[in-house]
2 protein chains.
Amino acid sequence: MSRSASIKDVANHARVAVGTVSNVLNYPDRVSQRTKDRVLQAIDELGFVRNDAARQLRAGHSRTIGLIVLDVGNPFFTSVVRAAEDAAALQGSAVLLGDSGHDASRESNYIDLFQEQRVQGLLISPVGDVTERLDQLRERGVPTVLVDRLADESRYSSVSVDDDAGGYLAARHLLDTGRRRLAFVGGPTSIRQVADRLQGAQRAVAEVPDASLEVLDSAGQTVLAGRGVGDRLVRRSAGELPDGVFCANDLLALGVMQSLTMLHTLRIPEDIALIGYDDIDFAVSAVVPLSSIRQPTEALGRTAIELLAEEVDAMGSASSRPHHRAVIFTPQLVVRQSTAGAATPD
Amino acid sequence: MSRSASIKDVANHARVAVGTVSNVLNYPDRVSQRTKDRVLQAIDELGFVRNDAARQLRAGHSRTIGLIVLDVGNPFFTSVVRAAEDAAALQGSAVLLGDSGHDASRESNYIDLFQEQRVQGLLISPVGDVTERLDQLRERGVPTVLVDRLADESRYSSVSVDDDAGGYLAARHLLDTGRRRLAFVGGPTSIRQVADRLQGAQRAVAEVPDASLEVLDSAGQTVLAGRGVGDRLVRRSAGELPDGVFCANDLLALGVMQSLTMLHTLRIPEDIALIGYDDIDFAVSAVVPLSSIRQPTEALGRTAIELLAEEVDAMGSASSRPHHRAVIFTPQLVVRQSTAGAATPD
DNA sequence: TCGTAACAATGAAACGATTCAAAGAATCCG
DNA sequence: CGGATTCTTTGAATCGTTTCATTGTTACGA
């Protein structure tokens, strides 16, 4: 109905100058208590709300940070987003969230949008090759931090998780609990994450003389793909079976679990131990609670914001040599029933 | 490094007036081809990007729409969000997403933020009682549409799903396939959704003379809660068992399924048919693919944006009588193996 | 009582885009 | 060729906030 009140209206109503109202809002210490009270009352009576557009315009930059993720539906990103939002809130910024859905054109649209909004900086989990765009952004004063993607430290800051270490952790755990004939279940190794996790597992297996690792290719990373692999396994004779299975993600592991437990001829973890990756919500409530590798998503989100703040500061001050950091987190082993106890080595 | 170029810089570079540059951007038809080319080239050379803050300031409102959901991790909302984003993009707006996480203070923070941003309007799935805040917002020219919550049509527009109809649909399906001794599994009926779904189920059962409906209270809506109920069921003697179970959501249903299939004494769907609600991704890849009730999330998101557009128009024109609409969608039955075939009535 | 310092309050200028009345150019027709 | 008409371009005014040099006020010590 009525146009919303401006700082000028407040000033008139409180019988002070506009600058004073601004001071009440931004530097309360500079204003006497009496005046402050009058202004605050006027603000209340008129229902004044700061116009952020005007503030930004004057300030030259906004208090928002752009965050573009590959898929908001993915619990990994959901968790990262939440942590980033909280960390940003602590430093007085808000996060604008964009979901590229693995689509390069949506990604590009969000970059445009955020640039028009003059965000302080950008956190991005990129789809395509955006290095050119990002360089351009930086030239225009918008720093970027790559999320879940290791970056060349001479060019960008980044936060990522060490998938090789995660793979090592999983395989090592199976070995530590006495399993020796391991199997890795994973989609095409063209996916970097899958390849790294496999490599880590191989590294662990190489450390134990009598251990072996078999690679079972799953065509995809879904429960159904896992069930396909599981069905292949249950048809084997007892001697050919692995005694420890590491799946490249939890969905695969749940699929394998469905197959193995279906016939009740194989027991988890007694006959076959099973471990997944990601520690999704369903892992804990599986028929046999699933051991998994948890990624430090909260730390990822929080650190991404911190690195961005560093970049923002660096741009603000004299343009010293660009100082980027690539922070790599180590995932964490979560032991549940699916890998409990020690297998009896034959 | 260098401050980003303004429309003035472009104007100088192209040797035209600032108004002309603005026209090239907003009303290309008003500008001759020659001038347009020169201006576009200047824009390109300087890497000019519109400053949205300035544009908003002048325009008095932004091109963004605020959307506050209860939980971005929830697939229901994820899907609504995506649909809303797409619909908004079509009308040239962008969606700012806020996740209240069922927390009233986070919700309140987002309302503040969006108000400072002067969003065109607000879509909200409210946590607490926000009617007062929303009334206030409307007075200040920010219309609201409630999402997933039926609103008094005289006060707000809203989009929601008919949970009673969903409950009816589920129970009716069990009855249609020959089941007669039904059970409803759901958390505290203080949750509106649970109560409505139960009520719909009761309505369906009342239509069939020899049918009965037993209510099994689950303390919560999780897989584990479902397994608790399932464990209680498998201990019953055959005569006391229901032959059709309707769970208030898919997580519960998956938990029940785990229990029932664990011992291999009961078969799904032959001995007991099972149907859930929400049609989450896991429903299709359960051990026995789970029948469910799907909510029209895309339609919800799209329609919410449409209703908001109506409200915006209504506020823009002469303040005629407020015209709100409450759109209620009917959910959809998804039949899978867990309710396949007909039970043999005793 | 005066001078000085510390503190408060003022209000014009600036941020960058859009708008719009007015001026200028081009075109057309009789 | 003159006048009317249409099409282009101009540039000052405006949006709401912050900034900052300036002015006004108060308090204090000498």
Side-chain angles (χ1 to χ4, degrees), chain A residues 2-40 42-43 46-64 92 113 115-120 140-141, chain B residues 2-40 42-43 46-64 92 113 115-120 140-141:
Chain A
S2 55
R3 327 191 0 70
S4 50
S6 78
I7 214 176
K8 210 170 192 169
D9 301 323
V10 174
N12 289 338
H13 197 264
R15 313 200 152 275
V16 296
V18 290
T20 303
V21 177
S22 176
N23 282 334
V24 170
L25 260 26
N26 301 297
Y27 307 94
D29 299 344
R30 292 187 191 165
V31 183
S32 74
Q33 192 60 47
R34 266 170 47 85
T35 329
K36 209 181 329 189
D37 288 344
R38 263 216 327 280
V39 171
L40 289 176
I43 286 178
L46 298 178
F48 166 78
V49 176
R50 254 206 200 78
N51 183 326
D52 203 56
R55 181 222 279 264
Q56 276 186 217
L57 176 56
R58 183 63 236 248
H61 65 96
S62 74
R63 286 156 31 261
T64 55
L113 176 66
Q115 203 177 347
E116 289 194 6
Q117 304 261 4
R118 297 290 193 273
V119 293
Q120 290 182 324
R140 296 182 193 157
Chain B
S2 55
R3 325 191 3 69
S4 49
S6 77
I7 213 177
K8 210 170 193 170
D9 300 324
V10 174
N12 288 338
H13 197 265
R15 312 200 155 276
V16 295
V18 289
T20 304
V21 177
S22 176
N23 282 334
V24 170
L25 259 27
N26 301 296
Y27 308 93
D29 299 346
R30 292 189 189 162
V31 183
S32 73
Q33 192 60 48
R34 267 170 46 85
T35 326
K36 209 181 328 189
D37 288 345
R38 266 218 322 283
V39 170
L40 289 175
I43 286 178
L46 298 178
F48 166 79
V49 176
R50 255 208 201 79
N51 183 327
D52 203 55
R55 181 222 280 264
Q56 278 187 215
L57 175 56
R58 183 65 237 248
H61 64 97
S62 74
R63 283 157 32 262
T64 55
L113 176 68
Q115 204 178 347
E116 289 195 6
Q117 304 261 3
R118 298 290 193 273
V119 293
Q120 290 181 324
R140 294 179 194 159

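Convention: sequence-line order gives letters A, B, ...; per-chain numbering from 1.
For the pair Asp9(B) (side chain) and Ser6(B) (backbone), a donor-acceptor distance under 3.5 Å is present. A donor-acceptor pair under 3.5 Å is formed between the side chain of Asn26(B) and the backbone N or O of Ser22(B). The backbone N or O of Ala14(A) lies less than 3.5 Å from a partner atom in the side chain of Arg38(A), making a donor-acceptor pair. Under the 3.5 Å distance criterion, the side-chain polar atoms of Ser62(B) are matched with a main-chain donor or acceptor of Arg118(B).
Looking only at side-chain heavy atoms (C-beta outward), Val24(A) and Thr35(A) stay at 4.5 Å or farther from each other.
End-to-end axis angle for the helix from dT1(C)-dA30(D) to dG30(C)-dC1(D), using five pairs per end and rounding to 10°, comes out at 40°.
The two residues Ile7(A) and Phe48(A) make their nearest non-hydrogen contact at N-CE1, 3.5 Å. A pairwise comparison of heavy atoms in Asn51(B) and Leu57(A) identifies ND2-CD1, 4.4 Å as the closest pair.
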**Asked** How does each nucleotide of nucleotides 13-19 of chain D score, in 5' to 3' order, for protein heavy atoms under 4.0 Å: base (B), sugar-phosphate only (S), or none (-)?
**Response** BBBBBBB
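Listed nucleotides: dA9(C), dT10(C), dT9(D). Nearest to the side chain of Val31(A): dA9(C).
Between the C1' atom of dT25(D) and the CZ atom of Arg30(A) lies a distance of 18 Å, rounded to the nearest Å. In this entry the distance linking NZ of Lys36(B) with C1' of dC7(D) reads 13 Å, nearest Å. Spacing between atom NE2 of His61(A) and atom P of dG16(C) amounts to 13 Å, rounded to whole angstrom units. As a whole-Å value, the separation of Arg15(A) CZ from dT10(C) C1' is 16 Å.
Applying the 4.0 Å criterion to OP1 and OP2 of dT10(C), one finds that Thr20(A) has a side-chain N or O inside that range.
The distance from the CD atom of Glu116(A) to the CZ atom of Arg63(B) is 5.5 Å, given to the nearest 0.5 Å.
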